[in-house]
Number of protein chains: 2
Amino acid sequence: MAPDDDFELTDFTPYLLNAAAEAQSQEFSRVYRDRYGMLRTEWRVLFHLGRYGEMSAREISRRASIHKTKVSRAVSALEAKRFLQRRPSEEDRRVELLALRPPGRAAFDDLSRAAAAHEAELEARLGTQRLGELRLLLRELAM
Amino acid sequence: MAPDDDFELTDFTPYLLNAAAEAQSQEFSRVYRDRYGMLRTEWRVLFHLGRYGEMSAREISRRASIHKTKVSRAVSALEAKRFLQRRPSEEDRRVELLALRPPGRAAFDDLSRAAAAHEAELEARLGTQRLGELRLLLRELAM
DNA sequence: GGTGTATAGTTACTTTTGTAACCAACAAGG
DNA sequence: CCTTGTTGGTTACAAAAGTAACTATACACC
């Protein structure tokens, strides 16, 4: 009947990863959702622009491994919130350069702080040593 | 401009968790998707019935922390594939007991083996020690 | 019994995501 | 210049997930 090496779902790493990711994501998503009505992709796009400065949608897509349609929609949403501004590139007229506007910058600063606080809490919970090990492992798995 | 403790997105654990989870999930989802045209929730429901035997949708929902509408839809899909059978409970006529049928059992066996193989591969990649540590950490985070 | 509340499960509606087609601009080779 | 192929970006359509409302049964208390 069952395979001889029948195992628990809670021993299956993809399942565990997902459960942990969902729990953590949901916790932080409340922050950007409640404060700014943002979706996860919007937060990620905002983060990239805030952290690395003006860039094109394509570049965000590449760096963050987000599909271009998702980026496109997130950019529109952020634009509607007056968080960013589009500027046509001079070298390539297909490209639009995206940059945060003051309200977007403020949201980025606020959310960055919240993220750092969230991370600090996690560190307190797991300990510096174990959190470091976790990060290392996750980076390996993400590739 | 940027908060003084500006950090990388790749140092943000929720992000890392998500990236790792997505990578791993996608890898294994190809198996049940390509072989049986199943979605993730369907695989999880199938797993619960295969591993723990006949139970109600509500019980799956509870044990697996899947919303009842998702379970309901997954059950319908599995029924359409002739993977499971519904049987009204005698004690409570609201309840339907779900059990795998032979094709569902075969799919469960096959996918369990594939999952175990996947897990073994991961273990080879990370080492028993580190995989154990990872699981422990993830369980803590999932709660 | 009758009334109120909780539960199992489905369905309808809305939001979000995924996929594919599309447009406009570039680039290379003839 | 004119193909042909590629790339940045948007839009249209389809699939999936989330939320809320609904049906039917159960259960508790009067």
Side-chain angles (χ1 to χ4, degrees), chain A residues 18-19 21-23 25-27 29-30 32-34 36-46 48-49 54-81 84-99, chain B residues 18-19 21-23 25-27 29-30 32-34 36-46 48-49 54-81 84-99:
Chain A
N18 217 78
E22 209 152 297
S25 264
Q26 274 202 345
E27 209 167 297
S29 78
R30 259 194 293 278
Y32 51 73
R33 194 167 42 83
D34 294 354
Y36 303 100
M38 286 167 60
L39 298 174
R40 193 156 56 95
T41 309
E42 291 170 48
W43 150 239
R44 289 177 62 188
V45 167
L46 182 84
H48 275 267
L49 293 175
E54 187 179 62
M55 67 177 81
S56 70
R58 172 66 184 138
E59 216 170 329
I60 296 173
S61 180
R62 243 195 264 273
R63 298 177 73 133
S65 310
I66 306 175
H67 194 275
K68 62 180 183 171
T69 66
K70 275 176 92 171
V71 173
S72 173
R73 289 189 266 241
V75 166
S76 295
L78 291 171
E79 192 186 24
K81 291 184 180 76
L84 65 75
Q85 202 161 22
R86 309 163 110 114
R87 183 173 74 81
S89 158
E90 278 152 27
E91 294 106 50
D92 185 338
R93 278 182 303 161
R94 291 169 303 179
V95 174
E96 279 184 321
L97 294 171
L98 310 167
Chain B
N18 216 79
E22 209 153 296
S25 265
Q26 274 202 346
E27 208 168 298
S29 77
R30 259 194 292 278
Y32 51 73
R33 195 167 42 82
D34 292 354
Y36 303 101
M38 285 166 63
L39 298 175
R40 192 156 58 96
T41 309
E42 293 172 45
W43 151 238
R44 288 177 62 187
V45 167
L46 183 84
H48 276 266
L49 293 175
E54 188 179 62
M55 66 177 81
S56 70
R58 172 64 182 137
E59 217 171 328
I60 297 173
S61 180
R62 243 196 263 274
R63 299 176 73 133
S65 312
I66 306 174
H67 195 275
K68 61 180 183 170
T69 66
K70 274 175 92 171
V71 173
S72 173
R73 289 189 266 243
V75 167
S76 294
L78 291 171
E79 192 186 24
K81 291 183 179 77
L84 65 76
Q85 203 162 22
R86 308 162 110 113
R87 181 173 77 82
S89 159
E90 279 152 24
E91 296 107 49
D92 186 337
R93 279 183 303 163
R94 288 170 304 180
V95 174
E96 281 186 319
L97 295 171
L98 310 168

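Below, chains carry the letters A, B, ... as their sequence lines are ordered, and counting in each starts from 1. Treat the numbers as computed from the prediction; the structure is a model and nothing was measured.
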Next on the checklist: From CG of B:D92 over to C1' of C:dT7, roughly how many Å is that when rounded to an integer?
Outcome noted: 8 Å
Next on the checklist: Under the rule for side chain to side chain donor-acceptor pair (under 3.5 Å), what residues qualify as partners of A:E54, not counting sequence neighbours?
Outcome noted: A:R87
Item to check | A:E96 side chain, from C-beta outward: closest of D:dG9, C:dG9, D:dG8 | outcome: D:dG9
Item to check | Over all atoms of both residues, closest heavy-atom pair of A:I66 and A:S61 | outcome: O-OG, 2.6 Å
Checklist outcome for this item: With B for base contact, S for sugar-phosphate-only contact and - for none (protein heavy atoms under 4.0 Å), nucleotides 11-20 of chain D reads BB---S-BBB
Checklist entry - Does anything in residues 36-46 of chain A pair up under side chain to side chain donor-acceptor pair (under 3.5 Å), and if so which pairs, sequence neighbours excluded? => result A:Y36-A:D110, A:E42-A:K81
Checklist entry - Just wondering, do A:L78 and A:M38 contact through their side chains at under 4.5 Å, heavy atoms? => result yes
Next on the checklist: Taking side chain to side chain donor-acceptor pair (under 3.5 Å) as the definition, give me every residue that meets it alongside B:Q85, ordered by chain and number, with sequence neighbours left out.
Outcome noted: none
Checklist entry - In whole angstrom, what separates B:E79's CD from C:dG9's P? => result 13 Å
Next on the checklist: According to side chain to side chain donor-acceptor pair (under 3.5 Å), who are the partners of B:R93, at least two apart in sequence or on a separate chain?
Outcome noted: none
Item to check | Pairs involving residues 62-80 of chain A, ordered by first then second residue, that meet salt bridge (Lys or Arg N to Asp or Glu O under 4.0 Å) (sequence neighbours left out) | outcome: A:E79-A:R86
Checklist entry - For the pair made of CD in B:E90 and C1' in D:dT25, what is the distance, rounded to whole Å? => result 16 Å
Item to check | B:I60 CD1 - C:dA8 C1' separation (whole Å) | outcome: 13 Å
Next on the checklist: Is it the case that the side chain of A:S29 and the backbone of A:Q26 share a donor-acceptor pair, with hydrogens and angles ignored and the cut-off at 3.5 Å?
Outcome noted: yes
Item to check | Rounded distance in Å - CD (B:E91) to C1' (D:dC27) | outcome: 15 Å
Next on the checklist: Tell me if the side-chain of B:R93 makes a donor-acceptor pair with the base of D:dT25, cut-off 3.5 Å, by modelled atom types.
Outcome noted: no
Checklist entry - Rounding to a whole Å, what distance do you find between A:R94:CZ and D:dG8:P? => result 6 Å
Check: protein-nucleotides 1-5 of chain D nitrogen or oxygen pairs below 3.5 Å:
none

Item to check | Nucleotide C:dA8, atom P - distance to CZ of B:R87 in whole Å | outcome: 17 Å
